[in-house]
Amino acid sequence: MDIWDYAVLFGYLATLVVIGWRARHRQKDIDLYFVGGRKAGTFAVMTLWLTAWVGGATILGTAEQAYELGIRALLYPLGMAVGCVLFALTFTGRIKEAGDAYGHITYPDFIERSYGPGCRIVSTVTALCANIGYAASQLLATAVILHELAGISMLLAFILATVVTVFYTAAGGFLALDRTCRFQAILILAGTGLIGMPLMVFYTGESGSSLGALPASFTGVGDLDGISLLGMFISIILTFYTSSDSYVRCFSARSRNSAIMGTVLAGLLIMGIGISVCIMGLGARILFPDLGDGSSAFITVILRLFPSGLKGLMLVVLLAAIMSTACSCILTASANVTRDIYQRFCTHQVQPRQLVTVGVLSSVGVGIASALIAWYVRDIINLLFMAFTVNSASLFVPTLGAYFWKKASCRAAFWSISLSLLTVIAWYAGRMLQVGGIVSSVDPVWPGLGVSAVLFVVISLMENNSSNVASCRD
């Protein structure tokens, strides 16, 4: 990288800081701070979804899989696109209407309305742990990329990533997130679809190579069986229904239609980005077949093929994808602390400005906690999957039951969430202690989801409880 690349990089980071700084005086209450006053239009909702879900795994991971496995790499972005569209068509409108009717700001707001305060507590703990884990993985990924591409020390890269992300998130809240997401979404779409993919096609054609240079297995799904494919798709789709930031996007929308259309458009664009990155990964395999593995495929393409200035722009595309996700996770976890713990259980009588101050301090605290976890764990994939498992296994079944099963009971939801969470934690502990057997061979999401489903259905049926549901919603 030369002076122009560094100018693009630090210009981008400075822009984020300025956006956060300028938005800080507009925070009048937590409705503005966490959901932007519920005024986001279709385009804004789309960019919020896009930047939250297109992270390091989507870009670096898809390029890596394309380099190693071929078009099978498209299964991950396809799963996200399908999950996003399904969530839009089945849940988004309902969540938006409930949010407007009852003033919901967080996912536990929704859960308490359906199942009572006990479920709010356990869902808050679950969501908070998951969001801190997500944020930690993204901060670590940002630091690694700055370290490898910008050539600065890992410590300095980590401090820079944490300070910039936490500052503009804490200072600007949702308004800063909204503005940076629009800016970052344009960068991601332009960098992958309008610059990265066309340049890769050009260089591949110029080299005289073609898809025929790829192994034959790269053009099919290979030895993936139906069960594996179904399991992967289910795992991805579950996350849309249980991730706290999914609900924030719905609550922040201007209207039901904006919430639905913005979410559908995001799903389609996620697939477009996946295709662009997959082509870049395939091109890397053709041009640089001796990398050993695909973990450095995307970065190798940037460093070896892109001219001065565009190197910095593509680095910014990577950072935009990752830092926007980190910002969403930090702000959502801050809402859990401010709304679901402080306002709900510590004090009901507090001035709007005071709650905003608590929100700012919570954002800083969550950011620091995430950074410390990331620094000591140093494993992006494990952080990501542990957070995902905790969230999806514990919350998915009660979430669906809240809208689609009239016999769902408050007690069933409470024990379903609580014991599923304990099952997942115990399963991970068993793996760390190397218990072996079924513990080591089965992913924790399945026993957690199984415990949740069995308890929820059995307890609800035993209580025969349509009246119980009504009572806990009153």
Side-chain angles (χ1 to χ4, degrees), residues 86-87 89-130 234-235 237-244 246-247 250-251 336 339-341 343-345 348 388-428 442-474:
L86 282 178
F87 183 78
L89 298 179
T90 60
F91 234 51
T92 298
R94 297 170 183 267
I95 294 168
K96 171 58 183 170
E97 290 173 350
D100 287 349
Y102 303 111
H104 292 168
I105 290 177
T106 65
Y107 172 78
D109 276 338
F110 158 78
I111 286 292
E112 180 174 17
R113 177 66 191 172
S114 300
Y115 297 121
C119 286
R120 185 189 191 109
I121 295 172
V122 292
S123 66
T124 296
V125 172
T126 303
L128 183 59
C129 291
I234 288 176
S235 298
I237 291 169
L238 291 185
T239 311
F240 282 89
Y241 287 87
T242 58
S243 180
S244 296
S246 296
Y247 292 77
C250 298
F251 298 151
N336 292 143
R339 172 76 162 191
D340 302 318
I341 298 176
Q343 185 183 21
R344 178 64 180 84
F345 295 107
H348 294 283
F388 155 75
T389 302
V390 164
N391 213 24
S392 58
S394 303
L395 301 175
F396 178 69
V397 174
T399 298
L400 287 189
Y403 276 126
F404 299 116
W405 200 36
K406 293 182 178 180
K407 292 185 178 181
S409 78
C410 303
R411 185 176 293 119
F414 177 83
W415 288 112
S416 171
I417 296 171
S418 302
L419 295 184
S420 175
L421 177 61
L422 291 176
T423 299
V424 170
I425 293 172
W427 211 270
Y428 271 117
V442 177
D443 191 283
V445 71
W446 300 117
L449 191 61
V451 168
S452 175
V454 170
L455 288 174
F456 187 75
V457 172
V458 170
I459 296 175
S460 293
L461 290 176
M462 287 175 63
E463 293 189 345
N464 192 18
N465 67 38
S466 58
S467 60
N468 290 340
V469 175
S471 65
C472 65
R473 289 178 178 175
D474 293 338

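It should be emphasised that the depicted structure is a prediction, and the values quoted were computed from it without experimental measurement.
Comment: K96 engages D100 in a salt bridge, judged by a side-chain N to carboxylate O separation of less than 4.0 angstrom.
Rounding to the nearest 0.5 angstrom, the gap separating the NE2 atom in H104 from the CZ atom in F110 is 8.5 Å. To the nearest 0.5 Å, the span separating NZ on K407 from CG on L461 amounts to 6.0 Å. The CD atom of Q343 lies 7.0 Å from the CD1 atom of I105; values are rounded to the nearest 0.5 Å. Distance check: I425 CD1 to C129 SG gives 7.0 Å after rounding to the nearest 0.5 Å. Rounded to the nearest 0.5 angstrom, D340 CG and I121 CD1 are separated by 10.5 Å. In this structure, the separation between CG on N336 and OH on Y107 is 11.0 Å, given to the nearest 0.5 Å.
Nearest approach of V424 to G448, heavy atoms of both residues: CG2-CA, 3.9 Å. Minimum interatomic distance between S420 and L449 (heavy atoms only, all atoms of both residues): OG-N, 4.4 Å. Heavy-atom minimum distance, T399 versus Y241: CG2-O, 3.5 Å. The minimum heavy-atom distance between F456 and P398, with the atom names listed, is CE1-CA, 3.9 Å. When all heavy atoms are compared, the tightest approach of S460 to W405 is CB-CZ3, 3.3 Å.
Put simply, the side chain of F240 does not reach to within 4.5 Å of the side chain of F91, judged on heavy atoms. F87 is listed as a side-chain neighbour of I95, based on a closest heavy-atom distance under 4.5 Å. In this structure the side chain of R113 never reaches within 4.5 angstrom of the side chain of D109, judged on heavy atoms. When side chains are defined from C-beta on, F414 counts as touching V122, because their heavy atoms get closer than 4.5 Å. Side chains of R344 and P117 form a contact here, defined as non-hydrogen atoms less than 4.5 Å apart.
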Before giving the answer on side-chain hydrogen bond (donor to acceptor under 3.5 Å, both in side chains), spell out for R94 and Y403 the whole-Å C-alpha distance, their side-chain angles and the decisive distance to 0.1 Å. CA-CA 9 Å; R94 297 170 183 267; Y403 276 126; over 6 Å; no
Could you walk me through whether I111 and L395 pass side chain to side chain contact (heavy atoms under 4.5 Å, CB included), step by step? CA-CA 10 Å; I111 286 292; L395 301 175; 5.7 Å; no
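Without hydrogens or angle criteria, Y247 side chain to T242 main chain gives no donor-acceptor distance under 3.5 Å. Remark: the backbone N or O of I417 is not paired with any side-chain donor or acceptor of S452 at under 3.5 angstrom. Side chain of Y115 to main chain of A402: a donor-acceptor pair is present (N/O by atom type, distance under 3.5 Å, no hydrogens or angles).
For F404, the CZ atom is densely surrounded, since the number of other residues' heavy atoms within 6.0 Å is greater than 12.
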